[in-house]
Amino acid sequence: MAEWRERAAPHVRLPGYERGAVTPKIAHFGVGNFFRVHAARYLDDCLHVPGQTDWGIIGIGVLDSPQSRAKAAAYADQDGLYTVTEYAPDGAATARVIGAMIDYLYAPDDPAAVVDTLAGPNIRIVSLTLTEGGYFQDQTTGTFDAAHPDIRADVQSTAPRTAFGMIVAALRRRRAGGVAPFTVLSCDNLRGNGDTARQAVVGYAAQIDPELARWIDAELSFPNSMVDRIAPSVTPAIRDRVNAATGLPDALPAIAETFSQWVVQDRFSAGRPRLDEVGVELRDDVALFEAVKGRILNASHMLLAYPAILAGHRLVHDAMADPRFPLLLRRFLQLDVLPFVQGPAGLALGTYIENTLERFGNPAVGDQLLRIAADGASKIPTFHARTTELLLHNGADPIREAFLLAAYRRSLRGVDEHGQRFDVTEPALNAADRDLLGGTDPLDALKATPFAALRLWEQPAFIDAYLAMVDSIDDEGIDAALRRT
Ligand SMILES: NC(=O)c1ccc[n+]([C@@H]2O[C@H](COP(=O)([O-])OP(=O)(O)OC[C@H]3O[C@@H](n4cnc5c(N)ncnc54)[C@H](O)[C@@H]3O)[C@@H](O)[C@H]2O)c1
Ligand SMILES: O=P(O)(O)OC[C@@H](O)[C@@H](O)[C@H](O)[C@H](O)CO
């Protein structure tokens, strides 16, 4: 900390609390860009509130990859410190150093140390950002996928490797030792993220000890939360630009827009920091916020990403500066979402939509379309299934949902309309799904696991619209297809 204090440019805000006095009551799995600019930033604010210095964070990495290993080494090198630079729509940037993460454990090197930490009475909250695909949810049934190879391997091992294996091993020890359980707090973009986390933790426990599973279900709280802040991927060029401005040698700087929102159910069975004093909204009607955010913001992101990439764009704000795309999103939001979504009392959905589109257009944030497009197999159903169901149920035109699936299917070829190649990141697709999505019969794509639960092949209105869109994209190109939406 002393070296960072000396080297930081004068405009960089530094932790105003005694970092050496901070103790950790929170353990977080998945210290990625989003956690670092969102929950960790709120918790860093909390540490500035008198009497809150016991709510520090221990970060935990579980993925066994060269990138994850390098990240663990960097956190060790810089004592868990990192910078967050926030960009306002007018381009103004503010930077601060976050000191809330006081330790980082890399599970592939020492899984027992993670379980020991989680089993200790000091930990009161275990929070998660594992991505949408990280909850072992069966895409067809929505239930916990106990047959997943990673879960099968963990259940049979004495040293579990998944977040859920480690959480349950620790809970078993807490229960045996008479230590009260912690709260599990999901911060992922999921429908009912707390409920989904409960399903995974209880579902995992049921595989090893049904009595333990019953205890977890009865004793643990899993608050649902709505999380919102755009955190782009940090490329080496962004890292160098940010570090040149902060004067700090940060291997892992994070960036974000200035907007931030966190709505959480106030259900923390083992206590919580004073989140309400740092801008977090503690409310019970989280599901309404989450429905609005998922079906407006995240759904628009998905609808934007695939056709914009095919049209040659790579950055969100560039696509938003191309009038065809804001037009597509406005039509989608006005015609397909607004008539069927209920927001929380007092939230003006028209204003919410305008703010969302303005956020997408912020050029200073420089968000990446490929980041948004990644793992469409998990995210398209999460953010579009409900809208598609409602459109079909109400006899409304499903043309834009059909366009989305046609554009997604086309994007899986990894080459845009100008012949430029791009990376396709689809970890949730199995070989059979890839065959269905990449085959010559476009209707096969509707039977791929991510979309199968919707049974779209039984919906003549959807089939007509979808086949027309597939043909239009293939024969006439994205521009012509967009004009049909
Ligand atoms: N980036 C954003 O704008 C944003 C905004 C709101 C919510 N989110 C939520 O946060 C999640 C993470 O986004 P990010 O931008 O931080 O991504 P990221 O790639 O920067 O970080 C993801 C982190 O999760 C870890 N991880 C991935 N799969 C895992 C698994 N199966 N088990 C354990 N750890 C796993 C990775 O190692 C990494 O540390 C998203 O999937 C979304 O649900 C992101
Ligand atoms: O983070 P993902 O992969 O779930 O989704 C991509 C984006 O839609 C998402 O990160 C948004 O930027 C975010 O949800 C804004 O709060």
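For reference, positions follow the sequence shown, starting with 1. Hydrogens, waters and symmetry mates play no part in the numbers below; they use all other heavy atoms, side chains included. Whatever order the structure lists ligands and atoms in, that order sets their numbers, starting from 1.
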May I ask you to identify the nearest protein heavy atom to atom 10 (O) of ligand 2, giving residue, atom name and distance to one decimal place in Å? Arg371 NH1, 2.8 Å
Can you report which non-hydrogen protein atom sits closest to atom 6 (C) of ligand 2, along with the distance? Lys379 NZ, 3.6 Å
For Ile230, the atoms of ligand 2 under 4.0 Å from one of its heavy atoms are 12 (O), 15 (C)
Can you confirm if the aromatic rings of Phe332 and His384 lie within a centre distance of less than 6.0 Å? yes
Could you tell me the residue and atom name of the protein heavy atom closest to atom 37 (O) of ligand 1, and the distance to it rounded to 0.1 Å? Leu63 CD1, 3.5 Å
Would a 4.5 Å heavy-atom cut-off, applied to side chains only, mark Val126 and Met166 as touching? no
Closest non-hydrogen protein atom to atom 24 (O) of ligand 1, residue and atom name please, with distance? Thr129 O, 3.3 Å
Please report the C-alpha distance between Asn189 and Lys293 in whole Å, then the side-chain angles of each, then the deciding distance to 0.1 Å, and finally whether the side-chain hydrogen bond (donor to acceptor under 3.5 Å, both in side chains) criterion is met. CA-CA 9 Å; Asn189 282 327; Lys293 194 248 174 173; 2.8 Å; yes
Counting from 1 in the order shown, the ligand 1 atoms closer than 4.0 Å to a non-hydrogen atom of Ile230 are 3 (O)
Hey, which atoms in ligand 1 end up nearer than 4.0 Å to a heavy atom of Val62? 32 (N), 33 (C), 34 (N)
Do any N/O atoms on Asp367 end up under 3.5 angstrom from N/O atoms on ligand 2? no
Geometric class of the Tyr42/Trp262 ring pair [parallel <30°, tilted 30-60°, perpendicular >60°]: tilted
Starting from atom 8 (O) of ligand 2, find the nearest protein heavy-atom neighbour and note its residue, name and distance. His301 ND1, 2.7 Å
Asp64/Arg69 ion pair, N-O < 4.0 Å: yes
Would you confirm whether Asn193, through its side chain, and Ser225, through its main-chain N or O, come within 3.5 Å as a donor-acceptor pair? yes
Atom 20 (O) of ligand 1 touched by protein (heavy atom, under 4.0 Å): yes
Quick test of your reading of the model: are Asp150 and Arg161 salt-bridged, counting only N-O distances below 4.0 Å? no
Just checking, any donor-acceptor pair under 3.5 angstrom between side chains of Tyr408 and Glu426? yes
Where is the nearest protein heavy atom to atom 7 (C) of ligand 1: which residue, which atom, and how far? Asn189 ND2, 3.2 Å
Can you sort out which atoms of ligand 2 are near Glu132, meaning under 4.0 Å from one of its heavy atoms? 2 (P), 4 (O)
Which of the atoms in ligand 1, numbered in the order shown and given with their element, are less than 4.0 Å from a heavy-atom of Gly134? 31 (N)
Quick test: of every protein heavy atom, which one is nearest to atom 9 (C) of ligand 2, and how far off is it to 0.1 Å? Asn298 ND2, 3.7 Å
Considering the heavy atoms of Val31, write down every atom of ligand 1 situated less than 4.0 Å from one of them. 39 (O)
Numbered in order shown, the ligand 2 atoms found under 4.0 Å of a heavy atom of Arg229 are 15 (C), 16 (O)
For Lys71 and ligand 1, answer yes if some heavy atom of the residue is under 4.0 Å from a ligand atom, otherwise no. yes
Mind telling me whether Phe34 and His38 have parallel, tilted or perpendicular rings, with 30° and 60° as the class edges? parallel
For atom 41 (O) of ligand 1, find the nearest protein heavy atom and state the residue, atom name and distance (0.1 Å precision). Glu132 OE1, 2.9 Å
Top protein contact for atom 17 (O) of ligand 1, by heavy-atom distance: Asn33 N, 4.5 Å
Starting from atom 13 (C) of ligand 2, which protein heavy atom do you reach first, and at what distance in Å? Lys293 NZ, 3.7 Å
Just checking, Arg359 and Phe259: is the charged tip under 6.0 Å from the six-membered ring centre and within 45° of the axis? yes
Ring geometry between Phe144 and Tyr204 (parallel below 30°, tilted from 30 to 60°, perpendicular above 60°): perpendicular
Region of Asp375 that comes within reach of ligand 2 [heavy atoms, distance under 4.0 Å]: neither
If you scan protein heavy atoms around atom 16 (O) of ligand 2, the nearest is Asp228 OD1, 2.5 Å
Does NZ or CZ of Arg283 lie under 6.0 Å from the centre of the six-membered ring of Phe289, at an angle within 45° of the ring axis? no
For Leu297, take its heavy atoms, then give the atoms of ligand 2 lying under 4.0 Å from any of them. 15 (C)
When distances are taken from atom 16 (O) of ligand 1, the protein heavy atom at minimum range is Phe34 N, 2.8 Å
Residue, atom name and distance, where the atom is the protein heavy atom closest to atom 3 (O) of ligand 1: Ala231 N, 2.8 Å
Heavy-atom closest contact (Met302 atom, Ile372 atom, distance): CE-O, 3.6 Å
Here the atoms of ligand 1 under 4.0 Å from any heavy atom belonging to Arg371 are 1 (N), 2 (C), 3 (O)
Do Phe325 and His313 have ring centres separated by under 6.0 Å? yes
Is a salt bridge present between Arg191 and Glu132, judged by a nitrogen-to-oxygen distance below 4.0 Å? no
Per-atom contacts, ligand 1 versus Asp188 - under 4.0 Å to a heavy atom: 9 (C), 10 (O), 11 (C), 40 (C), 41 (O), 42 (C), 43 (O)
Short N-O contact, Arg314 and Asp416, less than 4.0 angstrom: yes
Shortest protein heavy-atom distance from atom 25 (C) of ligand 1, along with the residue and atom involved: Gly30 CA, 3.9 Å
